[in-house]
Asks: 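My structure is below; once you've seen it, I'll send some questions.
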Amino acid sequence: MNHPFDDAFFLQPTVEVARALLGALLVRTLPEGRLVGRIVETEAYLHDDPACHGVRELPDGGTIHKQTARNTAMFGAPGHAYVYFTYGNHFMFNVVTGPVGLPEAVLIRALEPLEGLEIMARNRRLDDPRQFTNGPGKLAQAFIINKTLDGHDLTQPPLQLFQGEPVTEVVTTTRIGISRAMECPYRFYEKGNAWVSRK
DNA sequence: AGAGCGATGGCCT
DNA sequence: GGCCATCGCTCTA
């Protein structure tokens, strides 16, 4: 738990970063203790991708970048957090990738809980570890990730990302819950892992 | 100023 | 596996 990623890592093509973040460790420092989760499911969102928040689709089918109050962090520095709110209830945690000005990010969809399970149970208000972090809204609730962490530098507490053991068996699929660019194979998860949100 | 919507979750069959 | 409650927030008018 002592090797942060450098900028060069996040400047690789975002699809490769999404794949390579499997196995990485997310560490949340809270007053009541430390939470650690291992990333087991991710999705890539790209600068020419109609499903990406930083992108607007034009009538002729083309795309343009569109920076707004919500998605500003996505246009910012790589290795920082992009956190947004949706469905009136849920926060989504992304890792910003690519150079400043290019709206790309990796959505963290699931974690395998490693440390701080009692605190996660409290935050989630349930006892089944399988339900702590097996979805993007769930892991944000378990780790208390909200708008205050939007734009946060992930090399610094209270939310940090560290290298882990590489994942060898990776499954690639289409993304979940989107209505555009549904055919793109931009979702990655660790084969057989019990915390993957959906097969 | 407000209509529309969503990178979900949870519960039900 | 499918459906739908939910509701704050964002963007556009």
Side-chain angles (χ1 to χ4, degrees), chain A residues 10 14-15 17-19 21-22 24 26 37 39-59 63-76 78 80-98 102-113 120-152 154 159 161 171-190 194-199:
Chain A
F10 298 109
T14 295
V15 167
V17 177
R19 160 75 180 70
L21 278 175
L22 296 177
L26 186 68
I39 296 173
V40 297
E41 180 181 347
T42 62
E43 285 178 0
Y45 287 85
L46 310 185
H47 73 93
D48 57 354
D49 168 9
C52 176
H53 286 169
V55 174
R56 215 47 76 70
E57 195 163 20
L58 298 169
T63 56
I64 55 166
H65 297 172
K66 176 75 175 177
Q67 187 171 337
T68 66
R70 176 173 73 158
N71 66 26
T72 292
M74 212 185 206
F75 285 82
H80 288 231
Y82 166 45
V83 180
Y84 69 91
F85 184 79
T86 192
Y87 288 107
N89 309 292
H90 308 295
F91 290 98
M92 302 285 129
F93 167 60
N94 298 251
V95 178
V96 176
T97 59
L102 196 74
E104 301 203 341
V106 175
L107 172 68
I108 307 303
R109 286 194 54 90
L111 303 170
E112 176 178 343
M120 294 183 206
R122 276 213 296 284
N123 294 343
R124 289 279 293 130
R125 299 188 195 90
L126 48 76
D127 294 324
D128 179 3
R130 293 285 201 280
Q131 296 298 319
F132 289 171
T133 51
N134 62 332
K138 296 178 185 181
L139 74 87
Q141 186 181 35
F143 275 57
I144 313 187
I145 294 173
N146 55 42
K147 206 66 183 156
T148 65
L149 289 168
D150 187 36
H152 173 75
L154 294 170
L159 187 64
L161 206 50
V171 179
T172 304
T173 72
T174 55
R175 295 173 292 186
I176 307 271
I178 57 171
S179 55
R180 296 180 309 206
M182 299 174 67
E183 70 287 356
C184 297
Y186 294 164
R187 173 171 174 257
F188 306 92
Y189 65 84
E190 182 179 37
W195 281 268
V196 170
S197 67
R198 185 191 131 184
K199 303 283 180 177

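So that the names make sense, note that chain A is the first sequence line, chain B the second, and so on, each numbered from 1. None of these values were measured; they are calculated from a predicted model.
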Asks: Ignoring hydrogens, what is the shortest heavy-atom contact between A:C52 and A:P103? Give both atom names and the distance.
Replies: SG-O, 3.5 Å
Asks: Check every strand shown and say whether A:S197 touches a base, only sugar-phosphate, or nothing at a heavy-atom separation below 4.0 Å.
Replies: nothing
Asks: Testing A:K138, A:R175, A:R109 for salt bridge (Lys or Arg N to Asp or Glu O under 4.0 Å) with A:E41, which one passes?
Replies: A:R109
Asks: Using atom CG of A:N89 as one end and atom P of B:dC5 as the other, report the distance to the nearest whole Å.
Replies: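 Interatomic distance, CG of A:N89 to P of B:dC5: 18 Å.
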Asks: Give me the atom names and distance for the closest heavy-atom approach of A:F75 to A:G54.
Replies: CZ-O, 3.7 Å
Asks: Quick one: does A:N134's side chain have a donor or acceptor within less than 3.5 Å of a partner on A:R130's backbone?
Replies: yes
Asks: Does a nitrogen or oxygen in the side chain of A:T68 sit under 4.0 Å from OP1 or OP2 of C:dC11?
Replies: yes
Asks: Does A:Y45 stack onto the base of B:dA7, taking stacking as ring centres under 5.5 Å apart and planes under 30° apart?
Replies: yes
Asks: When you compare C:dT12 with B:dA7, how far apart are their P atoms, in angstrom units rounded to a whole number?
Replies: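 Taking atom P in both C:dT12 and B:dA7, they lie 15 Å apart.
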Asks: Expressed as a whole number of angstroms, how long is the span from A:R125:CZ to B:dG10:P?
Replies: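 Taking CZ of A:R125 and P of B:dG10, I get 11 Å after rounding.
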Asks: Nearest heavy atom decides the nucleotide; on that basis, is A:G88 or A:R56 closer to the 5' end of DNA chain C?
Replies: A:G88
Asks: Determine: side-chain N/O of A:K138 to OP1/OP2 of B:dG10, distance under 4.0 Å, yes or no.
Replies: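 For B:dG10, OP1/OP2 do have a side-chain N/O of A:K138 under 4.0 Å.
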Asks: Whole-Å distance between C:dC9 C1' and A:Y82 OH?
Replies: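 Rounded to whole Å, this separation is 12 Å.
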Asks: Taking only residues two or more places apart in sequence or in another chain, which ones pass side chain to side chain donor-acceptor pair (under 3.5 Å) with A:T148?
Replies: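 Checked A:T148 against side chain to side chain donor-acceptor pair (under 3.5 Å); matches are A:N146.
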Asks: Is there a donor and acceptor pair closer than 3.5 Å between the side chain of A:H53 and the base of B:dA7?
Replies: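 Answer is yes: a donor-acceptor pair is held.
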Asks: Grab the CZ-C1' distance between A:R109 and B:dG6 for me, whole Å please.
Replies: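 In whole Å, B:dG6 C1' and A:R109 CZ are 13 Å from each other.
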Asks: Measure the distance from CD1 on A:I145 to P on B:dA7 and round it to the nearest whole Å.
Replies: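 After rounding, the reported distance stands at 18 Å.
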Asks: Using whole Å, what does the distance between atom P of nucleotide C:dT10 and atom CZ of A:F85 come to?
Replies: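 Those two atoms, CZ and P, are 9 Å apart.
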Asks: Base, sugar-phosphate, or nothing: which does A:R70 touch, judged by heavy atoms less than 4.0 Å apart?
Replies: sugar-phosphate
Asks: Could you write out DNA chain B as a dot-bracket string, with dots for unpaired bases, | for bases paired across to another strand, and Watson-Crick or G-U pairs counted at under 3.5 Å?
Replies: ||||||.|||||.
Asks: Reckon A:M182 touches a base, only the sugar-phosphate, or nothing at all at heavy-atom distances under 4.0 Å?
Replies: nothing
Asks: Over all heavy atoms of both residues, which pair between A:A142 and A:T133 is shortest? Give the atoms and the distance, please.
Replies: CB-CG2, 3.9 Å
Asks: Over all strands shown, is A:Y87 touching base, sugar-phosphate only, or nothing at heavy-atom distances under 4.0 angstrom?
Replies: base
Asks: I need the minimum non-hydrogen distance between A:H65 and A:V55, along with the two atoms involved.
Replies: CD2-CG2, 4.4 Å
Asks: Expressed in angstrom and rounded to an integer, what is the separation of A:H90 atom NE2 from C:dC7 atom P?
Replies: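 Going from A:H90 (NE2) to C:dC7 (P), I get 11 Å.
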Asks: From the options B:dG10, B:dA7, C:dT10, select the nucleotide whose nearest atom is closest to the side chain of A:M92.
Replies: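 Output: B:dA7.
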Asks: For A:R70 and A:D150, which heavy atoms make the closest approach, and how far apart are they?
Replies: O-OD2, 4.4 Å
Asks: Classify A:R124 by what it touches in the nucleic acid, base, sugar-phosphate, or nothing, heavy-atom distance under 4.0 Å.
Replies: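 Answer is sugar-phosphate: A:R124 comes under 4.0 Å of backbone atoms only.
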Asks: Find which nucleotide of DNA chain B each of A:G137 and A:S179 is nearest to by heavy atoms, and output the residue with the more 5' nucleotide.
Replies: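 Whichever sits nearer the 5' end wins; that is A:S179.
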Asks: Without decimals, in angstroms, what is the distance between A:N134 CG and B:dG10 C1'?
Replies: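 Spelled out: CG on A:N134 to C1' on B:dG10 is 11 Å.
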